[in-house]
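Here the structure comes first, spelled out in C-alpha cells, and everything after it is commentary.
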There are 2 protein chains.
Amino acid sequence: MPETAARTRIQERNISAILDAALEVFSGAGFRGATLDQIARAASLSKPNLLYYFKSKEAIHRALLSELLDTWLAPLHALDSGGEPVDEIVRYAMRKLDMARELPRESRLFANEIVQGAPHILDIIEGPLKTLVDEKASLIRKWAAEGRISEVDPHHLIFSIWATTQHYADFDAQVRGILRPERDRHFDDAARFLTHLYRTALTPD
Amino acid sequence: MPETAARTRIQERNISAILDAALEVFSGAGFRGATLDQIARAASLSKPNLLYYFKSKEAIHRALLSELLDTWLAPLHALDSGGEPVDEIVRYAMRKLDMARELPRESRLFANEIVQGAPHILDIIEGPLKTLVDEKASLIRKWAAEGRISEVDPHHLIFSIWATTQHYADFDAQVRGILRPERDRHFDDAARFLTHLYRTALTPD
DNA sequence: CGTGATCCTGACCAATTGGTCAAACTCTCC
DNA sequence: GGAGAGTTTGACCAATTGGTCAGGATCACG
C-alpha cells in the first residue's frame, strides 16, 4: 500500500481486479453482507493481499463509490439547455435506462447503500448531488415557465425518472420473475413505455 | 416454541414484539446486516428468548415476509374492473404512495430482499405474485382494447407505479437529502406529480 | 548480479455471530 | 398450594469475520 503517485503495472492490475470483484460482491450483498473472503476469492487474491492494497473493507467500499459516482451522474450532467425540452428529458430517461441495462451492478451498489440509509454517502447526496439536481431542476422550471413543457414539479420528475429506470436494474429479480417466459426484450418494451409516459406527460397542453 | 394452536397472552405479546423489532432491524440493515442481538435488544428480550419463539434468524425473517405480503399486495388486489379505468389506475398509484408514507419499513424490507436477488421470496414472485400481476395486466389490456385508456404495456405500467411510489420509502435518505430545506410536504407534491403523470399518459387520445 | 522496493502469504488474533442447553423461574388451573 | 406446562436466562460453543504481522518471494533497475 505505498502512497506513491504513479502506479506499478501490478498495482494497476490488482487494484482494478479488486474493485471489480468488490463491485460484484457489494452490489449483490450490500456492505455488511459482503465479506473480504468473497471479494478476495472473486479477485483471485489472498485476503491479506487485499489488505495490502486497501487498508480496510470500508476503504474498498469508499474507493468503489467515489470511482463510480461520476459515471453514475454523467447523464444528468448531460441534460442540456440546448435541445428541445421534451426530447431532452426523454433522452435523459433513455440514457438512464441504458445504464440500468449495462451497469446493473453499479445501480445496485448505490441502491443497497441508499436503502440502508446512505450511511457512507449522505454528505455527497446533501452536497454535490443536491447542487446538481437543484441546478437541473431550475432548468426544467425555466422550460415550464416558457411553456415549452407542461408545468410539473422538476424534483419529482427527476425522482420518477430515477425510479422507473433504475427499477430495472435494482429490482431485476422481481422483473424477471414476473415477465418470466416472455423473453428478454423487456428493456425495449420499457423504453417504449417510458417514452410514451414522459412524452405525453411533458408535452404542453 | 410450543406448537399449540392457540397462543398464550405472553406468546401473543412477545411474538408481535419480536416481529416489530425484526421489521425495524431487517428493513434498516437487510437480512445479513441484521443481528439477533439487535433484534433482541429492540424487542427487549434476551437472545435465547428470541430463539425460544423462533428457531432461527431465517425463521423470523420468513415469518415477517409472509405476514406482510398480503398487506403489501392489497392495493393491487383492489384494482377493480368496476370503476373508470384512468381513475382506477391513478387511485392505485395513490394508494401505493400512501403505503410508502405509512409503511416505509415494510417497503424497505422488500426492497432489501429484492435488490439482493430475492433469495427468500423468489418462489412467491414467480408464483402468486406473477399470477396476480398477469391477471391485472389482462384487465388493463382489456381497458386499452376498449379505448378507455391509451395503449400502454400493462406490465411496465405496473412496474413504473411500483417504482415511482416505493421510491419515496426505499430511497427516503436520498429524497430527504435532496429536498433538504424544503419541508416535509414532499409526499403531497409527489402525489400531485404522479397524478399528472399517469392521468396524462393514460387518458386516451 | 545484487539490492532495495514492492508484492505476497501462512499463521494468527480478538470480536462478533447464530445457536444450544441445562437449570431456574413463573404462570395457569385444579 | 402444588404440579406441570410454559417462559427465561447465563454460560457456553463453533464458525465466521475483519484485520495484523513477520518473513519470504519477486520485481525493477543500476
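As a basis for the values below, the full set of heavy atoms in this structure was taken, side chains included, without hydrogen atoms, waters or symmetry mates.
Whole-Å rounding puts the B:Y53 OH to D:dG6 P distance at 11 Å. Computed from coordinates, the B:L45 CG to D:dG10 C1' distance equals 16 Å when rounded to whole Å. D:dT7 atom P lies 13 Å from atom CZ of B:F54, rounded to whole Å. In this structure, A:I18 atom CD1 and C:dC7 atom P are separated by 11 Å, rounded to whole Å. Note: CG (A:N14) to P (D:dT26) measures 15 Å, nearest angstrom. Taking atom CG of residue B:N49 and atom C1' of nucleotide D:dG6, one finds them 11 Å apart after rounding to whole Å. In this entry the distance linking CZ of A:R13 with C1' of D:dC27 reads 12 Å, nearest Å.
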Donor-acceptor list for residues 61-68 of chain B side chains, cut-off 3.5 Å, not counting sequence neighbours:
residue	atom	partner	partner atom	Å
B:S66	OG	B:R62	O	3.4
B:S66	OG	B:A63	O	3.3

Residues 79-94 of chain B side chain polar contacts: donor-acceptor under 3.5 Å, at least two apart:
residue	atom	partner	partner atom	Å
B:D80	OD2	B:G82	N	2.8
B:D87	OD1	B:R199	NH1	3.1
B:D87	OD1	B:R199	NH2	3.2
B:E88	OE2	B:D80	N	3.0
B:Y92	OH	B:W162	NE1	2.8

Scoring nucleotides 17-30 of chain C by protein non-hydrogen atoms under 4.0 Å (B base, S sugar-phosphate only, - none) yields SBBBB------S--

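The side chain of B:S46 places no N or O atom within less than 4.0 Å of a non-bridging phosphate oxygen (OP1 or OP2) of D:dT8. Taking side-chain N and O atoms only, B:Y52 has a distance below 4.0 Å to OP1 or OP2 of D:dT7. Neither OP1 nor OP2 of D:dG6 sits under 4.0 Å from any side-chain N or O of B:Q11.
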Would B:D98 and B:R95 count as a salt bridge (charged side-chain N to carboxylate O under 4.0 Å, His left out) here? Give the steps. CA-CA 5 Å; B:D98 285 342; B:R95 234 173 273 156; over 6 Å; no

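Partners of A:D123 by salt bridge (Lys or Arg N to Asp or Glu O under 4.0 Å), not counting sequence neighbours: none found. A:K47 meets the salt bridge (Lys or Arg N to Asp or Glu O under 4.0 Å) test with A:D37; sequence neighbours excluded. Looking at residues two or more places apart in sequence or on another chain, you find a side-chain hydrogen bond (donor to acceptor under 3.5 Å, both in side chains) between A:E24 and A:R105.
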